[in-house]
Amino acid sequence: MDKANPYHIGIIMDGNGRWAEERGLSRSRGHRAGANTLKKLCQHVVDLEIPYLSVFAFSTENFKRAKTEVQYLMNLFVELFKKELDFLIEDGVKVVFSGKREPLPPRVLKAMDEIVQKTSSNTKCVFNVCLNYGGKSEIVDMTKNVVQKVQNGELSLEDIDEEVIDANLYQPLPPIDLVIRTSGELRISNFMLWQSAYAEFYFPKKYFPDFGPEDLDIAIEEFRKRNRRFGGVKK
Ligand code: IPE
Ligand code: IPE
Ligand code: MG
């Protein structure tokens, strides 16, 4: 039995739309409710002293959605980063982002840059927001960084190992121990492919807006019962 708490938790925050539709509400209302849940979960992760939290907020593929939904989400991100997440600053949380800047609107990039800058010297916990993120794109972009360094003579082919790959991804992060995807879908939808290589997966049926701190406690409890072998044999 693995008694340790996860060091890095990843959450694929799914099911906002269905949560709203089942209540006869607009999808936007679901995203609003999801944002409230995210705030509570962040606070809980800080209270539990879990050092890394990564959340999937918007995939590169989510640009396929209706313009009105994308716009609502972009405005919600600005609102969150400008003030709703201010409690993170006092709590010692460092906010970082994973993903591509293009084609995010300038107002979103500005709000992202500001929260990164305001929290850059915090050390208690890292909150990594995957926004306009795709796991395969991250690996392509990492490959370009590494090849560039080889071409510049900064790196030789023999130097390339897993640590070099880690250091050239969007953010230098430890491996994810526990991936939680809400809403009952059993897939990872291009979330942190490299970082989740040996993660434990947990798929609660609840839609994200209903997934509260007590549900996170249950997920962590379940994680602690898992037998992580990493290819070896546990006695
Ligand atoms: C997750 O909820 C939020 C984002 C992808 C931005 P969804 O919007 O995917 O909700 P469902 O899956 O349609 O219910
Ligand atoms: C994954 O959810 C992306 C986020 C939670 C931001 P989706 O709802 O976009 O994933 P699919 O389309 O069901 O795979
Ligand atoms: Mg979804």
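All values below come from the heavy atoms of this structure, side chains included, with hydrogens, waters and symmetry mates left out. Numbering of ligands and ligand atoms starts at 1, following listing order.
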I'd like to know if the side chain of [X] and the backbone of [Y] have a donor-acceptor N/O pair within less than 3.5 Å.
X: Ser54; Y: Gly10; result: no
X: Asp159; Y: Ser156; result: yes
X: Asn132; Y: Lys100; result: yes
X: Asn62; Y: Ser59; result: yes
X: Arg228; Y: Tyr198; result: yes

Got a protein heavy atom sitting under 4.0 Å from atom 12 (O) of ligand 2?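 Under 4.0 Å from atom 12 (O) of ligand 2, zero protein heavy atoms found.
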With a 6.0 Å cut-off on ring centres, are Phe97 and Phe77 close enough?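 Not under 6.0 Å, so no.
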Number of protein N, O or S atoms [distance to the Mg ion (ligand 3) under 2.8 Å]: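 Every protein N, O or S atom under 2.8 Å from the Mg ion (ligand 3) counted, the figure is 1.
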Find all atoms of ligand 2 within a distance of less than 4.0 Å from any non-hydrogen atom belonging to Arg187, and give their numbers and elements.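 That gives atoms 11 (P), 13 (O), 14 (O) of ligand 2.
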Quick check on contacts: which atoms of ligand 2 are under 4.0 angstrom from a heavy atom of Phe58?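 In order of numbering, the contacting atoms are 6 (C).
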Which ligand 1 atoms are under 4.0 Å away from a heavy-atom of Arg18?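 With Arg18 as reference, the close atoms of ligand 1 come out as 11 (P), 12 (O), 14 (O).
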At under 4.0 Å between heavy atoms, is it the side chain or the backbone of Glu185 that contacts ligand 1, or both, or neither?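 No part of Glu185 is near ligand 1 at this cut-off.
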Please confirm whether Asn62 comes within less than 3.5 Å of ligand 2 when only nitrogen or oxygen atoms on both sides are compared.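 Min N/O separation from ligand 2 is below 3.5 Å for Asn62.
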Crowding at CD, Glu163 (>12 non-hydrogen neighbours, <6.0 Å):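 Atom CD in Glu163 is not crowded, with 12 or fewer foreign heavy atoms closer than 6.0 Å.
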Looking at [Y] and [X], is any side-chain nitrogen of the basic one under 4.0 Å from a carboxylate oxygen of the acidic one?
X: Glu114; Y: Lys110; value: yes
X: Arg187; Y: Asp14; value: no
X: Arg32; Y: Glu79; value: yes
X: Arg18; Y: Glu22; value: no

I'd like to know if Met13 contacts ligand 2, where contact means a heavy-atom distance under 4.0 Å to any ligand atom.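 Yes, Met13 has a heavy atom closer than 4.0 Å to ligand 2.
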Which residue holds the protein heavy atom closest to [atom], what is that atom called, and what is the gap in Å?
atom: atom 14 (O) of ligand 2; answer: Ser189 OG, 2.6 Å
atom: atom 6 (C) of ligand 1; answer: Ala57 O, 3.4 Å
atom: atom 10 (O) of ligand 1; answer: Gly17 N, 2.9 Å

Ligand 2 contact on [X] by region, counting heavy-atom pairs under 4.0 Å:
X: Cys130; result: neither
X: Arg181; result: side chain
X: Arg65; result: side chain

Could you check whether Asp141 and Tyr170, counting side-chain N and O atoms only, form a donor-acceptor pair closer than 3.5 Å?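 There is such a pair between these side chains.
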